[in-house]
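Each chain gets a letter, A, B and so on, in the order the sequences are listed, and its residues count up from 1. It should be emphasised that the depicted structure is a prediction, and the values quoted were computed from it without experimental measurement.
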Number of protein chains: 2
Amino acid sequence: MDIVTTHARRSDALSKERIVETAIEILDAGGERAMTFRALTARLATGAGAIYWHVANKDELLAATTEDVITRVMTDVPDDSDPEEAIRAIALGIFDAIDAHPWVGAQLSREPWHSAMLHIFEGVGAQLQALGIPQRAQFNSGSALVSYILGVAGQNAANARLLPRDTDRTAFLDAVATKWAEHDPAHYPFTRQIAAQLRDHDDREQFLAGIDLILAGIATLR
Amino acid sequence: MDIVTTHARRSDALSKERIVETAIEILDAGGERAMTFRALTARLATGAGAIYWHVANKDELLAATTEDVITRVMTDVPDDSDPEEAIRAIALGIFDAIDAHPWVGAQLSREPWHSAMLHIFEGVGAQLQALGIPQRAQFNSGSALVSYILGVAGQNAANARLLPRDTDRTAFLDAVATKWAEHDPAHYPFTRQIAAQLRDHDDREQFLAGIDLILAGIATLR
DNA sequence: ACCTGAACACCGTTCAAGT
DNA sequence: ACCTGAACACCGTTCAAGT
């Protein structure tokens, strides 16, 4: 289509892109519960049918928003010559994206073999090849890394959902730690003991520690 | 309350237990979408208010169903004298439970630091202590194992949701593999190459391989 | 104390009708 | 081709009223 010869289009013309963009704004501002078709139509000043013209249904729309965020992460991840370092960078990129958009975490762990996950899988896999992991072990290794990342993603999303809008993090961890410590010591000795460490642990660091554990395990296969 | 002196109660008297039990039946039979309060009231021959008398809301009910399934898993897991073997047994127990009740996978990865997850965390943690992992490393190690388990759980649930009721597994994997192979080879070399292995891989084996990778990483810390 | 069920305030999705 | 918006068939949750 020739931009020069076409009439100037309404700057707010509807498109899947613009719908996805708006959906992301709503999700960021109000979370998953706020992202309804009514909120979308209000914000886009249109009818429900207009959105369905560009998007099959809500699931597809949510998948597209997730894909959008993850694509950006995978594009922005700095290229590192050290494959292990590159895997850490991918993982941290996703972690930070979910920190900024908690709903992505929930969406990632709801989606199956699709789009967004494949992006991650592909990024990790390339580094596994560079690491010299034997062919037969690459599938299991990549799958383990991705599953772990998705697991943490889901947890982070769940925590964000639980948190009353911008709670103080220290206060939150304190509350959780107190709850953990309340459990019957006879049945929960480990949890009780760990409760103390919960208060001043760093989610991001712990996430990376997990990645490193898996990488150490993978190194074993070489 | 004295059972002898009280009048015989209706055998179908309502209780949280019975509500949870019925909810599980509905979830098993029809999946998460089928588990509505209307389905529950119909099955229990009661009104919505009666259920709310025993349960705060749907989230609490779903958490209770998950807790119920996981508690059973953790109770049934055979005690093994080898801590690594015990961790494998816990992980496989959860895997099989989610295979039987796919909705548990979705629920687990939606819930935060709560109940069901703590059960798993505690079970794994005890074995980490038995393994002789230093105190400071136990938290990260346990958290990595649990995150990985939850990640796989979520994926399995997502796959089950995708699957048209009792699809042939081979046909399903074939379809996924074909889709993977369709991706642009320039952008998805790894995925394309792995597509072949997808067809005859075993989810359960792959899950266990991931656990072993993490265990191998943890062994490094000793 | 426990249960009933109509009513409320929402949803996602469809579809005849418009331009 | 693309958009409008009323209508449909659902939801979870509440609450006055019953026993």
Selected nucleotide, minimal atom distance to A/A48 side chain, candidates D/dC3, C/dT13, C/dC3: C/dT13
Among D/dT14, C/dC3, C/dT14, the one nearest A/Y52 by side-chain distance: C/dT14
side-chain N/O A/W53 vs D/dC2 OP1/OP2, d < 4.0 Å: yes
Phosphate OP1/OP2 of D/dA1 contacted by A/H54 side-chain N/O (<4.0 Å): no
5'-most by nearest nucleotide on DNA chain D - B/K58 or B/G49: B/K58
How many Å lie between [atom1] on [X] and [atom2] on [N], as a whole number?
{"X": "A/I51", "N": "D/dG5", "atom1": "CD1", "atom2": "C1'", "answer": "12 Å"}
{"X": "A/L14", "N": "D/dC3", "atom1": "CG", "atom2": "P", "answer": "5 Å"}
{"X": "B/E60", "N": "D/dG12", "atom1": "CD", "atom2": "C1'", "answer": "14 Å"}
{"X": "A/K16", "N": "D/dC3", "atom1": "NZ", "atom2": "P", "answer": "15 Å"}

Side chain A/K58, main chain A/M35, donor-acceptor under 3.5 Å: yes
A/Q138 versus B/Q197, side-chain donor and acceptor atoms under 3.5 Å: no
Strand contacts (DNA chain D) in residues 32-40 of chain B, 4.0 angstrom heavy-atom criterion: B/M35, B/T36, B/F37, B/R38
Heavy-atom pair with the smallest gap, counting every atom of A/I70 and A/A116: CG2-O, 3.8 Å
Nearest heavy-atom neighbours spanning A/A23 and A/T65: CB-CG2, 3.8 Å
Dot-bracket pairing map - DNA chain D, Watson-Crick plus G-U, both contacts under 3.5 Å, | cross-strand: ||.|||||...|||||.||
Aromatic ring pairing B/F121/A/W180, orientation class (parallel under 30°, perpendicular over 60°, tilted between): tilted
Geometric class of the A/H119/B/Y188 ring pair [parallel <30°, tilted 30-60°, perpendicular >60°]: perpendicular
Residues in side-chain hydrogen bond (donor to acceptor under 3.5 Å, both in side chains) contact with A/T191, at least two apart in sequence or another chain: B/E122
